[in-house]
2 protein chains.
Amino acid sequence: MEALAQVAALLADKTRAAFCGALLDGRAWTANELAAHARVAPSTASEHLTRLIEGGLLVEHRQGRHRYVSLAGPHVAELLEAMTSFAGPGPRPRGLRASSASEAMARGRTCYDHLAGKLGVALKSGLLELGVVNGDLAITEPGLVWLKELGFEPSKRPVVRACVDWTERVPHLAGAAGAHLCEVFFERGWIQRIGTTRAVVLTPAGEVGWRELGLT
Amino acid sequence: MEALAQVAALLADKTRAAFCGALLDGRAWTANELAAHARVAPSTASEHLTRLIEGGLLVEHRQGRHRYVSLAGPHVAELLEAMTSFAGPGPRPRGLRASSASEAMARGRTCYDHLAGKLGVALKSGLLELGVVNGDLAITEPGLVWLKELGFEPSKRPVVRACVDWTERVPHLAGAAGAHLCEVFFERGWIQRIGTTRAVVLTPAGEVGWRELGLT
DNA sequence: GGAACACTTCGGCCCGCGCCGAAACGTCCG
DNA sequence: CGGACGTTTCGGCGCGGGCCGAAGTGTTCC
């Protein structure tokens, strides 16, 4: 169980945890951006990043004088959400700005490459009613056809995976299908990021689009 | 992401991780047993247990002068295996005793309340061939009938869940079905613990039984 | 009642590690 | 070439937390 402690230790520091939380938006961040985000000195951030990369949680790709880092893959995102949902919604954040921000996150957000929050759960429920997935959150035959009509192409990656939502405490839709739908929704302008955060809203166009697809 | 760091911190200590690893056998241990297992003073163990319980990872039930603790539920076991499998099989354990013990664990073991290791993966493959579960590891209609013939009764708990095997790096069968099958196999003497460890072997009777069920 | 036992609380030690600032390195741009 | 900038390395500081032993509480058994 030595290995367990080592992975846990990587995430046990609040600065490193903040890094991972920021990277959950699925994008690549530079070392400086993360340092500013977590309010630590660049030198401190650099050391943390090295440890997270060596631990296999992050990957880097260097470009000129920049060091871009991102999560090492969907499996990392799933692990992070699983752990976060375990602790569950802690005490309500204090302060107007913070609480409205966290409300926005609860309403809808991206979780690495798919949708989470109330929006993510609504999507899952809709797909369930449409028969795209069954009660155990597995893809159905007609569901696969439905997805292909939206441009989905099967790959090595599992089509659907359950990812525990840390605000709703309910599994939502991850995996290749979840990622594809999220991508399509962004392309069509159905969902939009709020500022530069992970929070996401369904646009008016999105509401129409969802209804036309048969989603609630 | 503060919450994430708190959960991680609980598991970031090698003594607490060792406790959790021991408790993955699904049984309740006393504080002293765990202390001896992790080679720390009883006073140290006591403090660790309090923290793990407050963190929601463990539950206790006191009986006379004993303090029994066990994992707080299957969700904890799943989280632990997910994190352990992430780190993956580290360097081979050194020493004859240690390496043969870890070999036995890799061959077959219990993971909280279901089977894991090569044995667990073999069970999953067999159920897949029988059509009890499908490729996405979801229960099928005939599969549910098949389970009920073995005394399975559906409950609130999900019938099947994927649990990542930390030695095989492949999902195996958890959830209510996994727990029920493990229980039945123990009752019928088809599987047996090696000593008092989590390691498990398929008995000769078990080999016959598995064949009769159509498992490989 | 008294002795063994399981566990807990407390005080104190000490190591690990997160943090910073200063200085060095490499890259980009004018 | 020189200056700005993103990043890294190093030394040093200070806190948190894991550990133990000693003493205390509650339970069981004789």
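Model, not experiment: these values are computed from the prediction. Excluded from the calculations below are hydrogen atoms, water molecules and symmetry mates; all remaining heavy atoms, backbone and side chain alike, are included. Order of the sequence lines sets the chain letters (A, B, ...), proteins ahead of strands, with each chain counted from 1.
Here the side chain of A:His66 is nearest to one of C:dT8, D:dG6, D:dT9, namely D:dG6. With distances taken from any side-chain atom of B:Val40 to the nucleotides C:dC7, C:dC19, D:dC19, the minimum falls on D:dC19. With D:dC20, D:dT8, C:dC19 as the candidates, the nucleotide lying closest to the side chain of B:Ser43 is D:dC20.
Rounded to a whole Å, the CG atom of A:Asp13 is 11 Å from the P atom of C:dC20. Here D:dT7 presents its P atom at 13 Å from CH2 of A:Trp29, a figure rounded to the nearest Å. Separating the CD atom of A:Glu60 from the P atom of D:dG6 is a distance of 18 Å, rounded to the nearest angstrom. At whole-Å resolution of the value, CZ in B:Arg51 and C1' in D:dG17 are 7 Å apart. Rounding to whole angstrom units, CG of residue B:Leu49 and C1' of D:dC19 are separated by 15 Å. Counting to the nearest Å, the P atom of D:dG18 and the NZ atom of B:Lys14 are 10 Å from each other. Rounding to whole angstrom units, CZ of residue B:Arg67 and C1' of C:dT9 are separated by 12 Å. Atoms CD (A:Gln63) and P (C:dT27) sit 13 Å apart, rounded to a whole Å.
Of the side-chain N and O atoms in B:Arg39, none sit less than 4.0 angstrom from OP1 or OP2 of D:dC19. Phosphate proximity of C:dC19 to A:Thr44: absent, as no side-chain N or O sits under 4.0 Å from OP1 or OP2. The phosphate of D:dT7 has OP1 or OP2 within less than 4.0 Å of a side-chain N or O from A:Asn32. At the phosphate of D:dC19, OP1 or OP2 sits under 4.0 Å from a side-chain N or O atom of B:His48. Taking only side-chain nitrogens and oxygens, A:Arg62 never comes nearer than 4.0 Å to OP1 or OP2 of D:dG6.
With respect to the salt-bridge test (charged N to carboxylate O, under 4.0 angstrom), the residues B:Arg109 and B:Asp165 qualify. Ion pairing between a basic and an acidic side chain is recognised when a charged N comes within 4.0 Å of a carboxylate O; B:Asp113 and B:Arg157 show such pairing. Under 4.0 Å is where a charged nitrogen must lie from a carboxylate oxygen, and between A:Arg161 and A:Glu78 at least one such pair does.
Remark: the B:Thr15 side chain and the D:dG18 base include no donor-acceptor N/O pair separated by less than 3.5 Å. Residue-to-nucleotide contacts include a donor-acceptor pair under 3.5 Å from the side chain of B:Arg65 to the base of C:dC5.
Relative orientation of the B:His48 and B:Phe19 rings is perpendicular, given thresholds of 30° and 60° on the angle between their planes.
For B:Glu33, the CD atom is densely surrounded, since the number of other residues' heavy atoms within 6.0 Å is greater than 12.
Using a 4.0 Å heavy-atom cutoff across all strands shown, A:Thr50 reaches no nucleic acid atom at all.
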